[in-house]
Amino acid sequence: MNPPAKALRQILELPGVHQGPACFDGLSAKLVERAGFQYCFTSGFSISAARLGLPDTGFISYGEMVDQGQQITQAVSIPVIGDGDNGYGNAMNVKRTVKGFIRAGFAGIILEDQVSPKACGHTEGRKVVSREEAVMRIKAAVDARKESGSDIVIVARTDSRQALSLEESLWRSRAFADAGADVLFIDALASKEEMKAFCEVSPLIPKMANMLEGGGKTPILNPLELEEIGYKLVVYPLSLIGVSIRAMQDSLTALKGGRIPPPGSMPSFEEIKEILGFNNYYEEEKRYV
């Protein structure tokens with residue numbers, strides 16, 4: 001099996017645009033893999049929701065993200081891009097974060113330029129650090145990768161489109177590319193025209209699109225449209241956590257009314273056991289009986 005970073009880099013070299021749903025635990029990652037996706041990514045928004053029951057407003061810590069990430073990467077064989085938030089501090093913290101994500105088995109890491117506490121890029125009041133500090137974070141990440149002897153893919157994200165301006169976000173993207181980023185990502189672009197302008201920046205560097213479902217600031221485009229604009233990766237941060245919330249709410253309503261959820265709304269017990277690997281476990285167990 002390819003090392004995770006090598007597998008992700010091979011995906012980046014393939015033609016077309018590549019979809020990556022967000023996972024938030026081992027089970028959701030396993031379902032992404034079973035559905036046939038080539039990679040997935042961890043959403044800080046979803047992990048904060050699932051692990052803490054709290055909003056993505058800076059509550060989740062480096063240690064919690066690494067711990068959750070290790071459980072996710074061990075559950076699947078596809079490469080996983082980890083949400084490294086803003087690196088959890090200064091350049092030295094960024095280096096520790098990158099090295100921790102490498103040890104946790106991540107294929108890539110997303111690093112952004114928000115201040116602390118950071119928050120979801122599509123919510124109000126986003127603030128970013130200075131240009132100099134933002135670029136230094138990416139340089140520190142590149143140094144940490146080199147020091148670790150790793151090839152982890154560095155996804156450089158800027159939230160400056162909403163915090164400052166489109167022009168600033170394009171400038172930062174160019175600077176991140178010059179600093180050694182492997183993939184560029186501007187969050188919360190507000191139109192198809194802005195997305196086109198972004199994809200014209202550093203044309204040899206792959207671009208990531210964030211299709212925030214249910215009412216984000218960025219237009220929702222299908223994969224073919226994103227490929228035509230120039231994107232290489234497209235991620236979907238809320239689909240799995242969103243439908244999970246609604247399914248649990250519906251099930252709880254049924255239970256409170258004295259009914260169990262209808263058969264079509266959930267897998268059978270046999271299907272659940274198959275998804276979780278019970279049958280494989282029983283087969284392997286026979287070798288030791």
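Owing to the predicted nature of the structure, the values given are computational and were not obtained by experimental measurement.
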| query | Transitively linked via ILVMFWY side-chain contacts under 4.5 Å: L166 with V128? | reply | no
| task | Flag yes if V66 and F59 sit in one hydrophobic cluster, no otherwise; membership is Ile, Leu, Val, Met, Phe, Trp, Tyr, and two members link when side-chain heavy atoms are under 4.5 Å apart. | result | yes
| message | If I take atom CG from residue L111 and atom OH from residue Y88, how far apart are they, to the nearest 0.5 angstrom? | response | 9.0 Å
| query | Once you round to the nearest 0.5 Å, how far does CD of Q71 lie from CD1 of I47? | reply | 9.5 Å
| K99 NZ to I109 CD1 distance, which is reported to the nearest 0.5 Å | 12.5 Å
| N/O donor-acceptor pair under 3.5 Å between E271 side chain and S268 backbone | yes
| said: Before you tell me yes or no, could you show the steps for E200 and K196 under salt bridge (charged side-chain N to carboxylate O under 4.0 Å, His left out), namely the whole-Å CA-CA distance, both residues' side-chain angles and the distance that decides it to 0.1 Å? | reply: CA-CA 6 Å; E200 292 171 359; K196 289 179 179 178; over 6 Å; no
| request: For I260, look at atom CD1 and say whether over 12 heavy atoms of other residues, nucleotides or ligands are found less than 6.0 Å away. | output: no
| query | Linking I/L/V/M/F/W/Y whenever their side-chain heavy atoms sit closer than 4.5 Å, directly or via other members, would V98 and M92 fall into one cluster? | reply | no
| note | Only residue of R161, R157, K217 satisfying side chain to side chain contact (heavy atoms under 4.5 Å, CB included) with D187 is R157
| request: Given salt bridge (charged side-chain N to carboxylate O under 4.0 Å, His left out), test E13 with R9 step by step and report yes or no. | output: CA-CA 6 Å; E13 292 172 1; R9 289 184 181 278; over 6 Å; no
| What's the shortest heavy-atom distance between Y62 and G100, and which atoms? | OH-CA, 3.4 Å
| query | If you take all heavy atoms of S169 and T158, which pair is closest and at what distance? | reply | O-CG2, 3.9 Å
| message | Whether the side chain of T73 engages the backbone of Q70 through a donor-acceptor N/O pair (distance < 3.5 Å, no angle test) should be reported. | response | yes
| Looking at side-chain heavy atoms only, is the closest gap between P223 and Q19 below 4.5 Å? | yes
| task | Show which residues join M208 in its hydrophobic cluster (side-chain heavy-atom contacts under 4.5 Å, direct or indirect), or state none. | result | L8, I11, L12, Y39, F41, I81, I110, V153, V155, V183, F185, L233, V235
| message | More than 12 heavy atoms of other residues, nucleotides or ligands under 6.0 Å from NZ of K139: yes or no? | response | no
| request: Give, for atom CG of D83 and atom CD of Q68, the distance between the pair rounded to the nearest 0.5 Å. | output: 12.0 Å
| remark: For residues 25-49, the salt bridge (Lys or Arg N to Asp or Glu O under 4.0 Å) pairs (sequence neighbours left out) are none
| N86 versus V94, closest heavy-atom pair with distance | O-CG2, 4.1 Å
| field | Side-chain donor/acceptor of D85 to backbone N/O of G87, under 3.5 Å | value | no
| request: For residues 277-289, pull every pair meeting salt bridge (Lys or Arg N to Asp or Glu O under 4.0 Å), keeping only residues two or more places apart or in separate chains. | output: E283-K286
| task | Could you walk me through whether V32 and V76 pass the side-chain contact (heavy atoms from CB on, under 4.5 Å) test, one step at a time? | result | CA-CA 9 Å; V32 171; V76 295; over 6 Å; no
| said: Is it the case that the side chain of S148 and the backbone of S150 share a donor-acceptor pair, with hydrogens and angles ignored and the cut-off at 3.5 Å? | reply: no
| field | Enclosure of K273 NZ (heavy-atom neighbours >12, cutoff 6.0 Å) | value | yes
| Distance from N222 atom CG to M211 atom CE, nearest 0.5 Å? | 10.0 Å
| With sequence neighbours excluded, residues passing ring pair (Phe, Tyr, Trp, His ring centres under 6.0 Å) with F106 | F101
| task | State whether the side chain of K192 and the backbone N or O of L221 hold a donor-acceptor pair below 3.5 Å, judged by distance alone. | result | no
| task | Tell me, with the steps shown, if F45 and F24 meet side-chain contact (heavy atoms from CB on, under 4.5 Å). | result | CA-CA 9 Å; F45 186 104; F24 49 87; over 6 Å; no
| note | What one should report as the nearest heavy-atom pair of C199 and I229 is CB-O, 3.4 Å
Report all side-chain donor-acceptor pairs from residues 237-247 shorter than 3.5 Å, counting only partners two or more places apart or in another chain.
unit_1, atom_1, unit_2, atom_2, d
S239, OG, E213, OE2, 2.5
S244, OG, L240, O, 2.6
R246, NE, Q249, OE1, 3.3

| Shortest non-hydrogen contact between A29 and I72, atoms and distance | CB-CG2, 3.7 Å
| Between the side chain of D113 and the main-chain N/O of D159, is any donor-acceptor distance below 3.5 Å? | yes
Solution key, residues 274-282 side-chain donor-acceptor pairs under 3.5 Å, sequence neighbours excluded:
unit_1, atom_1, unit_2, atom_2, d
E274, OE1, N279, ND2, 2.8

| query | Cluster question for you: counting only ILVMFWY and a side-chain heavy-atom cut-off of under 4.5 Å, with indirect links fine, are L54 and M65 together? | reply | yes
| said: Out of the candidates Q114, Q162, E112, only one should pair with R126 under the side-chain hydrogen bond (donor to acceptor under 3.5 Å, both in side chains) rule; please name it. | reply: Q114
| query | Is a side-chain donor or acceptor of K232 paired with a backbone partner of L14 at a separation under 3.5 angstrom? | reply | yes
| said: With no hydrogens and no angle check, just 3.5 Å: does a side-chain donor-acceptor pair link N210 and T218? | reply: no
| said: Hydrogens and angles aside, do S61 and E64 bring a side-chain donor and acceptor to less than 3.5 Å of each other? | reply: yes
| field | Residue R96 excluded, over 12 heavy atoms near CZ under 6.0 Å | value | no
| query | Any idea which heavy atoms bring P79 and A107 closest together, and the distance? | reply | CB-CB, 3.5 Å
| task | Give a yes or no answer on whether the side chain of K207 reaches the backbone of I205 with a donor-acceptor pair at less than 3.5 Å. | result | yes
| request: Kindly compute the distance separating CZ (R172) from OG (S130), expressed to the nearest 0.5 Å. | output: 7.0 Å
| message | Between E194 and I186, does the side-chain contact (heavy atoms from CB on, under 4.5 Å) criterion hold? Intermediate values first, please. | response | CA-CA 10 Å; E194 291 188 3; I186 299 178; over 6 Å; no
| Does L52 share a hydrophobic cluster with L27, counting links as ILVMFWY side-chain heavy atoms below 4.5 Å and allowing steps through other members? | no
